[in-house]
Amino acid sequence: MKSCKVRLEQIAAPENLREAFLRAARGKAHSAEVIAFRARLDTELAALREELLAGTVEVGRFTAFTIFEPKERRIHAPCFRERVLHHALVGRCEADFERWLIDDSYACRRGKGREAALRRAEHYAARHGWFLKLDVAKYFDSIPHAVLLAEVERRFRDRRVVALWRRIVEAYETAPGRGLPIGALTSQHLANFYLGTMDRLAKERLRVAGYVRYMDDMALWGEREQLREARRAMDAGLAELGLKLKGNWHLQPTARGMDFLGYRVGPRGAFTAGPSMWICSIGGRRGCASAGSSRTR
């Protein structure tokens, strides 16, 4: 793994902080927090720059709330000033994280996303007879700080940049030394980066025929026995990262369909559930199947 040459001065550069403010404010122009920050923009950015360079920037101020769609989650949204900091940091470090990720990782990446992941899943489902569906138990809550930060330390040459990442990671815990807050930009990129090891295990060591990951949702395609071995290897690989598989993993014929990212993916496409049918909505096709068809459970 090549180390990143990003320096703290680049993160704290006035033009980078101003661009970070614009990204953080996008879609929130009428928020009281944004209006107040913009009213004293030069002062706020100068203070943030000074604190960054001194290593004293304050982090860990969150607003917590619960969402219920697509499933119940506890969100911890950083205050606006910290969102500006996160955008400044990620804006400089994102390209380096990107170099570590394989093509078939689709979360938190430009030009990727859920629809691209589903299209790729369709591609593999049409060509292979068996799939293995895995995800990580309580992923964001379970990430161990020490192991994650060791990977970050390997990544960045500037120890001050490592110290900034450490400060952000250690500002939040769900258990001693564990957890990243859902709702923070830095969490999304760190969590996606952390499972890059599993991508390389699947593609380079296990050499599975097909593989797609969207954050901690992982889907593999190939022959049945190969996938049996892959499940054991992926389980062991996650254990080395301080993580566990959910117990509801699936190894089944592709023709039965796989629940993936809110859709049902099978050899003939990806379908989303309706009241009494599965409606094809990915890859530019339209169609339907009755609830009793082979494309449903």
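Keep in mind that this is a model prediction, so the values were computed, not measured.
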[X] [atom1]: over 12 foreign heavy atoms closer than 6.0 Å:
X    : atom1 : value
E9   : CD    : yes
K244 : NZ    : no
K203 : NZ    : yes
D103 : CG    : no
E223 : CD    : no
R232 : CZ    : yes

Partners meeting ring-ring contact (aromatic ring centres under 6.0 Å, His included) with Y194 (sequence neighbours left out):
none
H145: partners by ring-ring contact (aromatic ring centres under 6.0 Å, His included), with sequence neighbours left out:
none
Parallel under 30°, tilted from 30 to 60°, perpendicular over 60°: which one fits the rings of F21 and F37?
parallel
With the side chain counted from C-beta on, respond yes when L132 and M234 share a heavy-atom pair under 4.5 Å apart, and no when they do not.
no
Hey, does L17 have a side-chain heavy atom less than 4.5 Å from the side chain of L52?
yes
Minimum heavy-atom distance [X]-[Y], with the two atoms named:
X    : Y    : result
L227 : L220 : CD2-CB, 3.9 Å
A209 : H128 : CB-CE1, 3.3 Å
T254 : A125 : CG2-O, 3.2 Å
G60  : A171 : CA-CB, 3.8 Å
M198 : G237 : SD-C, 3.7 Å
Q10  : R7   : OE1-N, 2.7 Å

Measuring centre to centre across the rings, with the benzene-like ring taken for any Trp, is F97 within less than 6.0 Å of W165?
yes
What about the rings of Y172 and H76, do their centers lie closer together than 6.0 Å?
yes
Sequence neighbours left out, what passes salt bridge (charged side-chain N to carboxylate O under 4.0 Å, His left out) with R205? Give chain and number order.
none
Indicate whether any N or O donor in one side chain lies under 3.5 Å from an N or O acceptor in the other, for N192 and R213.
yes
Indicate whether the side chain of H87 and that of R83 have a donor and an acceptor atom separated by less than 3.5 Å.
no
Please check if the side chain of [X] supplies one atom and the backbone of [Y] the other of a donor-acceptor pair under 3.5 Å.
X    : Y    : result
R109 : S105 : yes
R73  : I75  : no
R167 : V57  : yes
T66  : R74  : no

State which residues pass side chain to side chain donor-acceptor pair (under 3.5 Å) with E153; sequence neighbours excluded, sorted by chain then number.
R159
Under the side chain to side chain contact (heavy atoms under 4.5 Å, CB included) rule, collect the residues that match up with R18, sequence neighbours excluded.
L41, D42, L45
Kindly write out the residues that satisfy side chain to side chain contact (heavy atoms under 4.5 Å, CB included) with A146, not counting sequence neighbours, or none if the list is empty.
none
Please lay out, stage by stage, how D104 and R120 fare under the test salt bridge (charged side-chain N to carboxylate O under 4.0 Å, His left out).
CA-CA 8 Å; D104 279 328; R120 191 62 165 163; 3.0 Å; yes
Among the clusters formed by ILVMFWY side chains lying less than 4.5 Å apart, do M215 and L245 turn up in the same one?
yes
Would you verify whether the NZ or CZ of R231 falls within 45 degrees of the ring axis of W249 while also being under 6.0 Å from that six-membered ring's centre?
yes
